[in-house]
Novice: 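Quick one: the structure is below, and I'll ask about it shortly.
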Amino acid sequence: MLMKRGSKESAAKAGILLAEIESLGQSPFTIMEVCGTHTVAIAKNAIRELLPKSIRLVSGPGCPVCVTSNGDIDRYLYLAAQKNVITATFGDMIRVPGTEKNLQELRAEGADIRVVYSTQDALELARQNPDKEVVFLGIGFETTVPTVAVSLEIAKREAIKNYSVLSMHKVVPPVLKLLAEDEQLLVDAFLDPGHVCSIIGIEPIKFMAEDYGKPGVVTGFEALDILEGIAMLLRQRAEGRSDIEIQYQRVAKPEGNPQAKMFIERVFERIDASWRGIGIIPQSGLGIRADYSPWDAARKFSLPVFQSRETPGCRCGDVLRGVIYPTQCPLFAEYCTPMKPIGPCMVSTEGSCAAYHRYAQRSVD
Amino acid sequence: MCLAIPAKVIMIEGSIAKVDMMGNERVVSIDLVPEVGIGEYVLVHAGFAISVIDDESAKETEELLLEVANAYEEGE
Ligand code: SF4
């Protein structure tokens with residue numbers, strides 16, 4: 001049956017994959033898992049501890065909440081504090097600290113902030129509160145973006161005038177390119193994000209293997225998927241190849257999801273975007289096209305521009321580029337914990353710092 | 001944030017489907033997978049089905065791994 005595997009079978013499969021990893025992985029090899037969901041799965045299943053010492057797994061910039069710049073956070077907090085505005089957001093954002101406060105604190109002061117499960121819920125809020133402005137905080141990568149695009153399409157079709165999106169969305173390929181060019185970062189290969197690639201396919205990331213000689217495997221999120229992804233990368237090295245392959249074939253197709261790509265293309269256009277700890281990456285963000293400007297919160301409200309700055313002492317930026325392990329941040333665990341987070345990498349459940357803290361990981365180096 | 005959960009489609013009405021998500025009934029949008037049919041599995045992210053799960057390749061991977069597992073056990 002799909003997804004259900006007997007524990008005995010799974011253990012046997014894991015044993016085979018680990019034996020292969022052991023035999024192919026005797027010389028140093030550094031793999032970056034790009035996606036925050038991978039970071040959590042790796043920590044939860046203690047996969048680092050299972051691998052030979054020569055294989056390092058470093059986390060990348062794949063937690064959308066973590067890479068959102070302070071300037072963007074302050075901007076949405078300013079908007080959320082406006083009278084007559086209902087802010088609709090995914091739960092991940094509620095405790096992310098801006099310069100002065102977070103959404104939760106704003107709510108305690110009377111701001112109307114609602115956690116929604118989907119953009120459909122946000123649209124419904126707009127339908128039910130015609131005298132209020134409902135603003136959805138658009139944060140996420142290509143997995144989430146099509147769901148936001150559909151909501152804007154519906155808002156336009158049904159002329160829902162009091163719904164808008166503040167788009168802080170980002171796309172993955174440009175940051176991969178930056179990582180490939182980063183001289184501080186010595187990554188040999190990538191576990192590519194399974195769900196992002198189920199939307200965009202592999203064409204947009206092929207340049208990593210072809211132009212930069214960095215092989216990648218689009219990988220699923222169960223322990224066995226991750227072990228197989230690592231084994232596939234090691235096989236490529238053993239055979240002297242550099243390709244983008246798909247381990248997660250039951251979900252991710254080489255061409256991606258054409259319908260989802262069409263929605264993204266119709267509603268959004270590429271813009272430069274600021275990433276926490278990394279800075280501006282050209283053409284790495286998604287702005288709302290002019291055709292949809294009545295539903296673009298950035299155009300609808302006059303929002304001041306806030307300077308991006310890093311939280312003093314927080315090394316989220318280095319963690320996001322895989323330059324240090326979270327445990328190498330001087331504030332980790334002692335001053336910065338999930339209960340009292342200093343940086344977003346500790347707030348978001350998919351942040352590397354939070355994943356390391358929750359599963360009591362040690363750096364393996 | 002890119003977490004997605006598999007679910008089985010049990011009813012379709014326009015762009016909305018009723019799915020069985022690990023024993024719970026949920027309503028999801030199928031605007032992104034208009035080709036999906038009743039009885040198929042989809043991957044659900046933030047209230048939207050974002051991909052139809054290929055049951056065949058899921059089975060193939062399964063069978064392949066099982067074969068290797070058996071060979072491995074026999075060889076032990
Ligand atoms: S442990 Fe806390 S302060 Fe250090 S990098 Fe992570 S989030 Fe920032």
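Just so you know, these numbers come straight off a predicted model, no measurement behind them. Lettering of chains follows the sequences in order, A, B, ..., and the numbering in each one begins at 1.
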Novice: Heavy atom to heavy atom, less than 4.5 Å: which residues from residues 116-126 of chain A reach chain B?
Specialist: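 From residues 116-126 of chain A, the residues near chain B are A:Tyr117, A:Ser118, A:Thr119, A:Gln120.
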Novice: List the steps and the verdict of side chain to side chain contact (heavy atoms under 4.5 Å, CB included) for A:Val150 and B:Ser29.
Specialist: CA-CA 10 Å; A:Val150 170; B:Ser29 304; 6.0 Å; no
Novice: I need the B:Asp31 CG to A:Ile154 CD1 distance, nearest 0.5 Å.
Specialist: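 One gets 5.5 Å once the value is rounded to the nearest 0.5 Å.
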Novice: Other residues, nucleotides and ligands only: do more than 12 of their heavy atoms fall within 6.0 Å of NZ on A:Lys156?
Specialist: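 Yes, NZ of A:Lys156 has more than 12 neighbouring heavy atoms, counting only those of other groups under 6.0 Å.
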Novice: Distance check, rounded to the nearest 0.5 Å: B:Leu43 atom CG versus A:His195 atom NE2?
Specialist: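 Answer rounded to 0.5 Å: 4.0 Å.
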Novice: Tell me, out of A:Cys63, A:Ser198, A:Gly256, A:Pro146, who's got the most heavy-atom pairs with chain B below 4.5 Å.
Specialist: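 Ranked by contacts with chain B, first place is A:Pro146.
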Novice: So, the side chain of B:Asp54 versus the backbone of A:Val251: is there a donor-acceptor pair under 3.5 Å, distance only?
Specialist: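 Between the backbone of A:Val251 and the side chain of B:Asp54 there is no qualifying donor-acceptor contact (under 3.5 Å).
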Novice: Non-hydrogen atoms of chain A under 4.5 Å away: do they reach the side chain of B:Val44, the backbone, both or neither?
Specialist: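 The side chain, not the backbone.
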Novice: Could you tell me which portion of B:Val42 (side chain, backbone, both or neither) has an atom closer than 4.5 angstrom to a non-hydrogen atom of chain A?
Specialist: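 It is neither, since no heavy atom gets under 4.5 Å.
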Novice: Rounded to the nearest 0.5 Å, what separates atom CG in B:Leu32 from atom CE in A:Met262?
Specialist: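 Spacing of CG (B:Leu32) from CE (A:Met262) equals 9.0 Å.
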Novice: Could you tell me which non-hydrogen atom of A:Thr143 sits nearest to which non-hydrogen atom of B:His45, and how far apart they are?
Specialist: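 It is O-CD2, 3.5 Å.
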Novice: Does the side chain to side chain contact (heavy atoms under 4.5 Å, CB included) test come out yes or no for A:Gln259 and B:Val33, once each step is laid out?
Specialist: CA-CA 7 Å; A:Gln259 181 80 0; B:Val33 289; over 6 Å; no
Novice: For chain A, which residues from residues 12-20 of chain B have at least one heavy atom closer than 4.5 Å to it?
Specialist: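 Contacts with chain A: none.
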